[in-house]
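Heads up, the thing below is written out as structure tokens.
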Protein chains: 2
Amino acid sequence: MKEFMEITKALADENRVRTLYALQGRELCVCQIIEFLGLAPSTVSKHMAILKHARLVETRKEGRWIYYRPADPETSRTVQEAIRWVFRSLEKTGRYKEDMKRLKKILQVSPEVLCHPK
Amino acid sequence: MKEFMEITKALADENRVRTLYALQGRELCVCQIIEFLGLAPSTVSKHMAILKHARLVETRKEGRWIYYRPADPETSRTVQEAIRWVFRSLEKTGRYKEDMKRLKKILQVSPEVLCHPK
DNA sequence: GCTATATTTCGCCACATGACGAAATATAAT
DNA sequence: ATTATATTTCGTCATGTGGCGAAATATAGC
């Protein structure tokens, strides 16, 4: 129950949900998520910690970059169903489509360039 | 998206989730839910308003009693999948089983007696 | 080792939320 | 009509949450 409530609380914020669907089928570095959400790094970090604590996402560290990806399929059924539910419920919405358009543009810029904006 | 977020926010409270699974396969009068949750009537009323606003539950008025039931199957797919997800995720948990035991006792007392405890 | 960069942690603030009791509303019973 | 009962609405309070910037941490490159 506690585990389940951590998932529902993690899903109870729009920016976290948007991040979750942005991660479908790809990995994103924190700086890309910062760009995607348009929030301060500290805020994004907190959001990601909540998603990770709920086991909805996992991380991979590569140098000074940290990549987030959705939970692996071997994780709990509850988590997998949650992710699928989010995606299926929102993939047809306008917000999702706009977000995917913006994400594509962000992905065209490599993380290196995105993170060193000089 | 807004509709979806109302559902996730509604599910982000343990008492509302417990109420939702308590309603699986039955109708409950508010006074029964009050008894089930052990909260003040005003608090329960607010919780139910949130669940109703998210379209997770529906109501039926019978005299001075108001009965709550889960959303009818014709409602949105998102709602139906949410309800199924909650139930499938929790039906095996200890909390759920305890709650069902308590609920059975509450159901043995008819609403009339429960609401007029004299 | 020093500097730069990516991310997290901490401290703070504004606002949302869950709890209650009191008051309001609606219906039933006398 | 008056009273009793079921539920909701309102006002209030304590706590939780999302946002930020500053400071801390970790790694890469010089």
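Sequence lines set the chain letters: A, B, ... in the order given, protein chains first and strands last, and positions in each chain run from 1. Computed from a predicted structure; not experimentally measured.
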Proximal nucleotide (of [options]) relative to the [X] side chain:
{"X": "A/Leu39", "options": "C/dA19, D/dT17, D/dG19", "result": "D/dG19"}
{"X": "A/Lys61", "options": "C/dT7, C/dG18, D/dA26", "result": "D/dA26"}
{"X": "A/Arg64", "options": "C/dT7, D/dG19, D/dG29", "result": "D/dG29"}

With rounding to the nearest 0.5 angstrom, report the OG1 to CD distance, B/Thr19 to B/Glu14. 10.5 Å
What's the spacing between B/Arg69 CZ and B/Leu56 CG if we round to 0.5 Å? 13.5 Å
Could you state the atom-to-atom distance from [atom1] of [X] to [atom2] of [N] in whole Å?
{"X": "B/Met5", "N": "D/dT17", "atom1": "CE", "atom2": "C1'", "value": "13 Å"}
{"X": "B/Trp65", "N": "C/dT27", "atom1": "CH2", "atom2": "P", "value": "13 Å"}
{"X": "A/Leu28", "N": "C/dT7", "atom1": "CG", "atom2": "P", "value": "11 Å"}
{"X": "B/Glu35", "N": "D/dA6", "atom1": "CD", "atom2": "P", "value": "12 Å"}
{"X": "A/Glu14", "N": "C/dA16", "atom1": "CD", "atom2": "P", "value": "15 Å"}
{"X": "B/Asp13", "N": "D/dT17", "atom1": "CG", "atom2": "C1'", "value": "14 Å"}
{"X": "B/Leu37", "N": "C/dA19", "atom1": "CG", "atom2": "P", "value": "9 Å"}
{"X": "A/Leu11", "N": "D/dT17", "atom1": "CG", "atom2": "C1'", "value": "16 Å"}

A/Glu58 (side chain) donor-acceptor with A/Asp72 (main chain) under 3.5 angstrom: yes
Would you say the side-chain atoms of A/Ser89 pair up with the backbone N or O of A/Trp85, donor to acceptor, closer than 3.5 Å? yes
Position toward the 5' end of DNA chain D (nearest nucleotide), A/Ile50 or A/Glu62: A/Ile50
Are any of A/Arg16's side-chain N or O atoms less than 4.0 Å away from OP1 or OP2 of D/dG18?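 Indeed, a polar side-chain atom of A/Arg16 lies that close.
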Hey, is the side chain of B/His47 poking within less than 4.0 Å of OP1 or OP2 on C/dA19, counting only N and O atoms?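 Result: yes.
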Will you find, in the side chains of A/Gln80 and A/Thr75, an N or O donor that is under 3.5 Å from an N or O acceptor?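 There is such a pair between these side chains.
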Do A/Glu81 and B/Arg84 meet the salt-bridge criterion of a basic N to acidic O distance under 4.0 Å? no
Check the angle between the aromatic planes of B/Tyr96 and B/Phe87 and answer parallel, tilted or perpendicular using the 30° and 60° thresholds. perpendicular
Based on the rotation axes of five pairs at each end, what angle does the helix from C/dG1-D/dC30 to C/dT30-D/dA1 bend through, to 10°?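 Both end axes considered, the difference amounts to 20°.
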Tabulate protein N/O versus nucleotide N/O from nucleotides 8-11 of chain D, keeping only pairs under 3.5 Å, one per line.
residue: D/dT8; atom: OP1; partner: B/Tyr68; partner atom: OH; Å: 2.9
residue: D/dT8; atom: OP2; partner: B/Ser45; partner atom: OG; Å: 3.0
residue: D/dT8; atom: O5'; partner: B/Ser45; partner atom: OG; Å: 3.2

A/Glu3 vs A/Ser76 side-chain heavy atoms within contact, under 4.5 Å: yes
Looking at side-chain heavy atoms only, is the closest gap between B/Val86 and A/Phe4 below 4.5 Å? yes
